[in-house]
Amino acid sequence: MDILETLKTLWSGSGFYNFFMDGGYKNLIMIVISCALLYLGIKKKFEPLLLVGIAFGCLLVNISYFVSADSTNALYHPELWDQFLDHDSPYYHSYGNIMSNGGLLDILYIGVKTGLYPSLIFLGIGAMTDFGPLLSNPKSLLLGAAAQMGVFLAFFGAICIGFDGNQAASIGIIGGADGPTAIFLTSKLAPELLGPIAVAAYSYMALIPLIQPPLMRLLTTKKEREVKMEQTREVSKTEKIIFPIVVAVFIILLLPSTAPLIGCLMLGNLWKECGVTARLSDTVQNALMNIVTVFLGISVGATMVAGNFLSWRTLLIILLGLAAFAFSTIGGLLVGKLMYVLTGGKINPLIGSAGVSAVPMAARVSQNEGQKANPSNFLLMHAMGPNVAGVIGSAIAAGFLLAVFG
Amino acid sequence: MPIHVLVASVKDMRLGDAAVTAIFGYLVVFLGLTLLMTILYLMGAGFQAKAKRKQAVPAVAASEAAAESAPEQLLAPGSAGHVKLYDVPDKEAAMIMAIVANQMQKPLNELHFISIKEVKNDEV
């Protein structure tokens with residue numbers, strides 16, 4: 001046995017060797033980025049349940065896949081997914097090719113590509129959400145609609161900058177402040193942007209307590225922020241049971257492309273409210289949700305291959321995502337102000353900013369800002385209405401974009 | 001009619017097409033949620049009316065039965081008298097009377113309460 005030759009073979013087959021090959025430095029940069037994301041998730045607690053998985057998925061793919069090297073042992077193969085999307089390839093839409101030639105993360109990524117994981121996450125969200133505040137004050141739906149402004153402004157901005165329609169739609173949905181919806185839409189329309197869009201969406205959701213308050217103070221007067229809202233009516237159990245059925249039927253008939261998200265959201269909620277499926281409700285909001293979060297995080301992170309992620313495009317997506325969040329907040333606040341005027345000062349406009357999904361973080365921000373202006377103010381339950389309306393609103397926005405570009 | 005007809009080419013959009021798509025999309029979200037709001041208001045109104053009917057029937061029956069069966073009762077010395085309660089539980093009524101007496105700095109037995117009624121939001 002030639003020890004020197006064996007050592008040479010081992011060295012040339014190692015990842016360390018590939019760092020010095022063509023484009024290998026990019027993998028090093030991605031490793032640094034994944035460590036930074038791990039720091040944000042673990043130390044700063046930025047949406048840790050998903051960000052830690054995303055960051056580790058990014059780390060795994062960038063230490064196992066190098067552009068210039070043999071990718072047999074890689075966990076994720078971007079070229080297989082390029083073939084999957086290429087109309088002229090014999091492997092166009094061939095999951096068989098992925099299953100037989102892909103790595104572990106390729107196989108897990110099938111759940112993202114098919115829209116399975118985001119839909120299952122919505123099942124859990126539905127089972128965890130109380131739509132009572134929305135039912136007791138249906139006007140909240142208008143605030144949830146208004147707070148989708150950022151989605152469409154960012155979409156337009158992305159087109160102006162030079163992104164194509166599918167990519168712009170995927171970037172715009174960051175403004176919906178709803179991670180699973182953003183992943184669902186992007187995996188269908190612009191899978192090449194999934195990494196940066198998921199990172200931007202989850203990072204900004206974690207940063208809502210920093211992004212929203214300055215805008216809230218800028219756009220409202222102290223008098224408006226001090227408004228104490230009246231207690232809304234109690235909602236009966238029967239209403240809560242009928243609600244998911246009505247919403248599913250109505251929204252899916254209106255926009256069939258929303259069926260996976262709205263269908264799962266409402267089924268989860270029905271299990272929660274109907275009172276005879278407590279075991280299922282408990283499973284989807286705990287065990288299933290956790291299992292899917294494991295797969296979703298790691299497989300989204302896997303798409304952050306150095307060659308795709310390290311570009312000016314990523315920086316633009318992150319900036320457009322921030323603009324989308326800001327404009328969504330502004331949209332909700334402006335309609336909140338309009339409602340304040342129309343109701344003779346009975347509605348506190350601060351609840352408008354909670355229309356940007358991000359349940360329940362955005363509602364908590366409204367509560368905190370309201371209480372800063374008036375310590376006896378309790379806006380949380382009032383803000384939960386627009387907050388859950390935002391979830392439905394962003395699913396409709398995604399359904400519209402999917403209908404146009406899908 | 002497919003929504004694709006909105007734009008000539010959905011991949012590479014012109015700015016005008018993008019603006020129309022953005023405005024139209026925002027309107028679709030508003031329209032969808034406004035229709036849903038209308039449905040929820042109608043649903044809520046139906047349930048509230050049903051709940052009111054349910055509440056009214058036993059309340060009327062109970063007050064009629066009480067009026068027929070209860071003879072005129074003499075008030076105990078120091079009593080604040082009979083108080084008519086509308087949609088207010090006994091405990092809450094007692095608490096309200098105690099608060100009023102405290103605010104007015106008067107002993108409870110010197111005050112005469114005629115009725116206590118819950119004011120609903122829609123009656124304000």
Side-chain angles (χ1 to χ4, degrees), chain A residues 131 134-149 151-160 163-169 172 230-236 238-239 242-243 246-247 250-251 254-255 257-258 331 335 389 392-394 396-397 399-406, chain B residues 1-56 58 87-89 92 96 117-124:
Chain A
F131 284 98
L134 176 64
L135 279 162
S136 67
N137 186 13
K139 281 195 293 285
S140 308
L141 282 162
L142 294 179
L143 296 169
Q148 305 310 314
M149 184 166 84
V151 173
F152 296 101
L153 282 180
F155 160 77
F156 183 67
I159 293 281
C160 292
F163 286 96
D164 70 35
N166 288 21
Q167 292 173 335
E230 289 169 6
Q231 201 180 343
T232 50
R233 72 177 176 90
E234 269 186 38
V235 177
S236 70
T238 319
E239 269 180 276
I242 292 174
F243 173 77
V246 168
V247 173
F250 175 70
I251 300 287
L254 185 73
L255 266 176
S257 48
T258 60
V335 172
I392 302 174
S394 55
I396 295 180
F400 171 80
L401 293 169
L402 199 57
V404 175
F405 298 102
Chain B
M1 183 177 71
I3 303 177
H4 291 87
V5 297
L6 271 175
V7 290
S9 162
V10 292
K11 273 277 178 188
D12 298 303
M13 298 182 86
R14 284 172 303 178
L15 289 187
D17 293 333
V20 171
T21 309
I23 293 167
F24 187 65
Y26 199 34
L27 287 178
V28 166
V29 175
F30 256 104
L31 178 77
L33 292 183
T34 306
L35 289 173
L36 185 59
M37 180 183 78
T38 312
I39 293 171
L40 293 187
Y41 266 120
L42 292 174
M43 207 171 94
F47 275 99
Q48 274 177 296
K50 199 178 161 190
K52 270 187 185 167
R53 274 201 304 274
K54 258 188 181 173
Q55 269 182 352
D87 295 336
V88 181
E92 276 184 35
I96 290 165
K117 182 184 176 189
E118 186 191 348
V119 182
K120 308 276 186 201
N121 282 342
D122 51 1
E123 291 172 16
V124 177

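In what follows, every chain begins at residue 1, and chains take the letters A, B, ... in the order their sequences are listed. Keep in mind it's a predicted model, so treat the numbers as computed, not measured.
Nearest heavy-atom pair across B/Leu15 and A/Phe156 is O-CE1, 3.4 Å.
Interface remark: A/Thr238 contributes backbone and side-chain atoms alike to the contact with chain B (heavy atom separation under 4.5 Å). Contact annotation for A/Leu142: both backbone and side-chain heavy atoms come within less than 4.5 Å of a heavy atom of chain B.
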Could you tabulate the donor-acceptor pairs under 3.5 Å formed by side-chain atoms of residues 22-47 of chain B, not counting sequence neighbours?
unit_1  : atom_1 : unit_2   : atom_2 : d
B/Tyr26 : OH     : A/Ala146 : O      : 2.6
B/Thr34 : OG1    : B/Phe30  : O      : 2.5
B/Thr38 : OG1    : B/Thr34  : O      : 2.8

